[in-house]
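Before any comments, here is the structure.
Naming: A, B, ... by sequence-line order, numbering from 1 per chain. Below, each value reflects all heavy atoms present in this structure, side chains not excepted, and no hydrogens, waters or symmetry copies.
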Number of protein chains: 2
Amino acid sequence: MSSTGTDELLALRLRALAHPARLAILRALAETERCQCGEIVRGLPLAQSTVSQHLKVLKEAGLITGTIEGPRSCYCLDREAFASLARQVGPLLARLSGEGGEPRAACSPGPQEDALV
Amino acid sequence: MSSTGTDELLALRLRALAHPARLAILRALAETERCQCGEIVRGLPLAQSTVSQHLKVLKEAGLITGTIEGPRSCYCLDREAFASLARQVGPLLARLSGEGGEPRAACSPGPQEDALV
DNA sequence: TGATCTCATCGTTGATCGACGATAAACGAT
DNA sequence: ATCGTTTATCGTCGATCAACGATGAGATCA
């Protein structure tokens, strides 16, 4: 497996997560379940336009949904997207962390026998 | 909670993960458990200097360790770092995905079909 | 109608990323 | 001592990011 194409999407979503401001936005959305953009702006030390950009990034990554509702916008988490991401990231991190729990001999024990395929 | 300072480290690590080439490198390290940089280069459509740069990013994020061993280098996963990352990301994604499983009423209450992308 | 509020988008600026070739450093082998 | 191999680093270039202010589009309210 290794999935060449899927990695693009996975990387896109991880990149969307990989910013302190966006993490803060997501946490705010999770806590309040409210969607007002203005409230998020007031909770962060960033300009309104900057927050709007971050929201756009999150929306394009498919992590949140945005709905124009009258003069204001309603943002909220796409729970299913995060569940799907968890199903992808969970096993990946498990595998990278050793998973089964074999000793694994770290990296270089010293006398590196042959190797090579 | 949410700790403003921790988000910096979390974002750093997520950003290190958020690149297809680096995902491929990590998978290669997880599969072969071998550390030769040259082997990784031969397995990717990238120049040696580019791979070296990616390895540097991963190392600076604390996700892998690199040991100079004679003329060659020995890279391998920092299993503990990935375990720690999993302990951080797992609950986060669980929370963002709804966790408890309450209905949560989605976002928009009104009958506005889609609007917006 | 006009004023106001909310938010998205545009345009700009400086910083960082991603890729590459070229080069240098460390070591083993000849 | 001199090669050849392996890897890190440097310098460059184009693309993208992150932040901001300014502007514009909708919708509500006076």
Subject >> The single option from B/Leu63, B/Ile40, B/Leu58 passing side chain to side chain contact (heavy atoms under 4.5 Å, CB included) against B/Leu29 >> reply: B/Ile40
Subject >> Per-nucleotide protein contact string for nucleotides 19-30 of chain C (B base, S sugar-phosphate only, - none; heavy atom under 4.0 Å) >> reply: SBBB----S---
**OP:** Under the side-chain hydrogen bond (donor to acceptor under 3.5 Å, both in side chains) rule, collect the residues that match up with B/His19, sequence neighbours excluded.
**Re:** none
Subject >> Presence of A/Tyr75 side-chain N/O under 4.0 Å of C/dA8 phosphate oxygens OP1/OP2 >> reply: yes
Original post:
Is a salt bridge present between A/Arg27 and B/Asp7, judged by a nitrogen-to-oxygen distance below 4.0 Å?
Top reply: yes
**OP:** Please say which of A/Asp78, A/Leu77, A/Ile25 ends up in a side chain to side chain contact (heavy atoms under 4.5 Å, CB included) with A/Ile64.
**Re:** A/Leu77
Original post:
Nearest-Å distance, CZ (A/Arg15) to P (C/dC17)?
Top reply: 13 Å
**OP:** Would you mind reading off the distance between B/Ile25 atom CD1 and C/dG18 atom P, rounded to a whole angstrom?
**Re:** 11 Å
Original post:
First contact, last contact: which nucleotides of DNA chain D are these for chain B, 5' to 3', heavy-atom distance under 4.0 Å?
Top reply: D/dT6 to D/dT9
**OP:** Starting from C1' on C/dC7, measure out to CG on A/Leu55 and report it in whole angstrom.
**Re:** 10 Å
Original post:
With a non-hydrogen cut-off below 4.0 angstrom, is B/Ser52 in contact with a base, only sugar-phosphate, or nothing?
Top reply: base
Subject >> Pair B/Glu80 + B/Arg87: basic N to acidic O under 4.0 Å >> reply: yes
